[in-house]
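Structure first, then comments.
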Amino acid sequence: MSSVTKGAATEIKTDAKRTAVEGKGEHKSPSNFIRQIVDADQLSGKHDGKVITRFPPEPNGYLHIGHAKSICLNFGLAKDYVGVCHLRFDDTNPVKEDVEYEESIKEMVEWLGFSFEKNLYYASDYFGKLYEFAQHFIERGLAYVDSQSADEIRANRGTLIEPGTNSPFRDRAAEENLRLFDEMKRGLHADGAHILRLKIDMASPNINLRDPAIYRIRHTEHHRTGSAWCVYPMYDYTHCISDAIERITHSLCTLEFEAHRPLYDWVLERLVETGKLPAPSPQQIEFSRLNLSYTVMSKRKLLELVETGLVNGWDDPRMMTLAGLRRRGFTAGSIRLFAERAGVSKAHQWIDMADLERALRDDLDATALRAMAVLDPVRVVIENYPEGQFEPCSAPVNPHDENGGRRSFKFAREVFIEREDFMETPVKGFFRLAPGTEVRLRHGFIIKCERIEKDDAGNVATIYATYDPATKSGTGGRNVKGAIHWVSKLDGIQAEVRLYDRLFNVENPDSGEGDYRTYLNPHSLKSVTAWLEPSLASAKADESYQFERNGYFTPDRVDSKPGALVFNRAVTLKDGWKPS
RNA sequence: AGGGGAGUCGCCAAGUGGUAAGGCACCGGAUUUUGAUUCCGGUAUGCGUAGGUUCGAUCCCUUCCUCCCCUGCCA
């Protein structure tokens, strides 16, 4: 039987491969071990051909790039198999959760391009059912109320190499357990006075099976159920049951839950065998977490960065939160592309920040609107161009889109160019502007540097040049090797541009050697006043621009206002110039 | 009386008995009014290690090594 399954699965795989090669339209994701499991289940008809996954965040913080991987995996898998993916809030611990987080999570999942309108669930909606099931476990002698203190329980749990010892309350009669559990629920006991535990095996080599706690007393308002409950179910007990209630077929989670799977299965098996839950049960499958170089990802550290003011909030453009990435100028498409390129496996994944940046460039090159902007301006005076006149110039809004229209700007006597596009004594291979040499002002004319003027500090203050009237862009005249961007003083506008760099200056600030905060990059944010071409005056947040030869920029969704624009640099363009 | 996982190119990652896909990075070359993009071409005699089985091993068996996770009334 297994060989039949295997052979057929191979055929399907071959099919998928052919589609990927031939298919111009629908994009097939690459194979991975999870898809193999799903393929096998499809073949055996285990779930009647259905694929139902879920993304189950606890609303206790903001989503980051690591969550994006999980979101793309779960929603992507459902989409590819014509199934559905639930968004389920795992809201079982009211002391840590808040609607603010819930709203942010929903917003970000939607932003990433995934829909959950008809598939929004809450673990808290199952509190009633979960409580009934707990009584059921008690009645069957599979759960008991433990009245030991937290310290005692910890001490009796044993260690990694020594078995635990049974609680003195382990053999309480079912009736008494039921009564106590009811009292716990009715608020008759203080936090910590009692706890409900599954009765499994205190000597199990898997510590998760040493009578795990499944209900604790918490006299706390829950953001959805208010004060209806004062006992709250715990993760291991809640998650598997929630999955089963929703008929999740494949429950994907990260590697650290591997040791919890036997518990996941234990709970469900016992509920299925008495008909409390339907078969087949969902299957938990673990994959490796995403780690990114030059950043930290743990909720605790992210929170610390925000609270100590090391960054400006959860949506600081340097943060790897989804809110931060969006504000920085990352597109949803680029994050989906990144997640797909990263892939899924059980091996530890250490991905370079450069890969994220590369995905953004790849996504934006095709669609970003083009404009010229001079970030570090130096003045150029065209001495043979009369004052008070101008020459209209234009350029495609997007060179990859012939129907995208054109933008206009004016060439005039005074323009600004990038300081780094001029060298007084050019190194070998430099083909921009230098004394006596020519360069093209992109979309404009060829100019020649005649002489320069310096300020008291010895910096170039003004470049005096002449232009060749016969070389206007598009007229088919002669050309030169270099072309640089520029903005004329006549119609250019000024704006703040924020230049971001990685937040940390070491690959793994989390390595454990010293405080990660000592590795903060002091130059992660630099603000400049730039000259922009006039078409940028109407730029809006959520629009991505390529500042030609510079990088991709987007108006800051918080600080940018009409007339007082603020742009964020999401990423630079690749710079292939290496002086040699 | 510990248990559970992972090791395939610089970074990811397919393949799982028939002689190492792909992406990113990198290196050439072509085109280019963005030193971008695009396009062509190149890049693992090798799959942590040492043995074994086999006509044939990344894949099966055994040894060893390295790394990660688990002792919350967090998820």
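A, B, ... follow the sequence lines: proteins, then strands. Residue 1 opens every chain.
With rounding to whole Å, A:Leu573 atom CG is found 19 Å from B:rU32 atom P. Between the CG atom of A:Asp421 and the C1' atom of B:rU34 there is a distance of 11 Å, rounded to whole Å. Straight-line distance from the CG atom of A:Asn32 to the C1' atom of B:rU8: 17 Å, rounded to whole Å. Summarising the geometry, the separation between CZ on A:Phe431 and P on B:rU32 is reported as 13 Å, rounded to the nearest angstrom. As a whole-Å value, the separation of A:Lys428 NZ from B:rG35 P is 20 Å. Following rounding to the nearest Å, A:Arg440 (CZ) and B:rG35 (P) show an atom-to-atom distance of 13 Å. Taking atom CD on A:Glu438 and atom C1' on B:rU33, their separation rounds to 14 Å, with Å as the unit. Per the geometry, CZ belonging to A:Phe33 stands 16 Å off C1' belonging to B:rU8, to the nearest Å.
Residues forming a salt bridge (charged side-chain N to carboxylate O under 4.0 Å, His left out) with A:Arg341 (at least two apart in sequence, or on another chain): A:Asp362. Checked against ring pair (Phe, Tyr, Trp, His ring centres under 6.0 Å), A:Phe504 has no partners two or more places apart in sequence or in another chain. Every residue meeting the side-chain contact (heavy atoms from CB on, under 4.5 Å) condition with A:Asp575, not counting sequence neighbours, appears here in chain and number order: A:Trp577. Residues passing the side-chain contact (heavy atoms from CB on, under 4.5 Å) test with A:Ala68, sequence neighbours excluded: A:Ile65, A:Leu112, A:Leu322, A:Ile335. For A:Ala339, the side-chain contact (heavy atoms from CB on, under 4.5 Å) criterion is met by A:Cys72, not counting sequence neighbours. With sequence neighbours excluded, no residue forms a ring pair (Phe, Tyr, Trp, His ring centres under 6.0 Å) with A:Tyr552. Residues passing the ring pair (Phe, Tyr, Trp, His ring centres under 6.0 Å) test with A:Trp531 are A:Phe416, sequence neighbours excluded. A:Phe169 pairs by the ring pair (Phe, Tyr, Trp, His ring centres under 6.0 Å) definition with nothing, not counting sequence neighbours. Not counting sequence neighbours, A:His219 has no partner by the side-chain hydrogen bond (donor to acceptor under 3.5 Å, both in side chains) test.
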Inset, instruction - Could you run through nucleotides 23-30 of chain B and give me one letter per nucleotide, 5' to 3': B if any protein heavy atom sits under 4.0 Å from the base, S if only the sugar-phosphate is that close, - if neither? - result: SSSS----
Legend entry - Nucleic acid footprint by protein, nucleotides 66-75 of chain B - heavy-atom cut-off 4.0 Å, B for base, S for sugar-phosphate alone: --SSBBSBBB
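Spacing between B:rU58 and B:rG52 at atom P, rounded to whole Å, works out to 14 Å. If you take atom P in B:rA6 and the same atom in B:rG15, they sit 14 Å apart, rounded to whole Å. Between the C1' atoms of B:rU43 and B:rG23, the separation comes to 15 Å (whole Å). For the P atoms, the distance linking B:rA20 with B:rU54 amounts to 23 Å, nearest Å. Rounded to whole Å, the separation between the P atoms of B:rU16 and B:rC59 comes to 13 Å. Taking the C1' atom of each, B:rA14 and B:rA44 are spaced 15 Å apart, rounded to whole Å. Distance noted for atom C1' between B:rG28 and B:rU66: 37 Å (whole Å). With both ends at atom C1', the span from B:rC9 to B:rG42 equals 14 Å, rounded to whole Å.
The two residues A:Trp486 and A:Lys410 come nearest to each other via the heavy atoms CZ3-O, 3.6 Å.
At a threshold of 4.0 angstrom between heavy atoms, the contacts of A:Lys299 with the nucleic acid are absent. Across all strands, A:Gln546 comes closer than 4.0 Å to base atoms (heavy-atom distances). Among the protein residues, A:Val480 comes within range of no part of the nucleic acid, since none of its heavy atoms lies under 4.0 Å from any strand. Nucleic acid contact class of A:Gly164 (heavy atoms, under 4.0 Å, all strands): none.
Between A:Phe445 and A:Phe411, the distance separating the two ring centers is shorter than 6.0 angstrom.
In B:rG4 the O4'-C1'-N dihedral to the base is more than 90° from 0, which defines an anti nucleotide.
No donor-acceptor pair closer than 3.5 Å links the side chain of A:Tyr264 to the backbone N or O of A:Gln283.
Taking the nucleotide of RNA chain B with the nearest heavy atom to each of A:Ala342 and A:Ala483, the more 5' of the two is matched to A:Ala342.
Taken together, the paired segments of RNA chain B that extend over three or more consecutive Watson-Crick or G-U pairs, each closer than 3.5 Å at both contacts, are B:2-7 with B:65-70, B:10-12 with B:22-24, B:26-30 with B:38-42, B:50-52 with B:60-62.
When each of A:Lys346, A:Arg289, A:Arg261 is checked for a salt bridge (Lys or Arg N to Asp or Glu O under 4.0 Å) with A:Glu256, only A:Arg289 meets the rule.
The side chain of A:Gln36 places no N or O atom within less than 4.0 Å of a non-bridging phosphate oxygen (OP1 or OP2) of B:rA14.
In this model, no side-chain donor or acceptor of A:Arg261 finds a partner on the base of B:rG4 within 3.5 Å.
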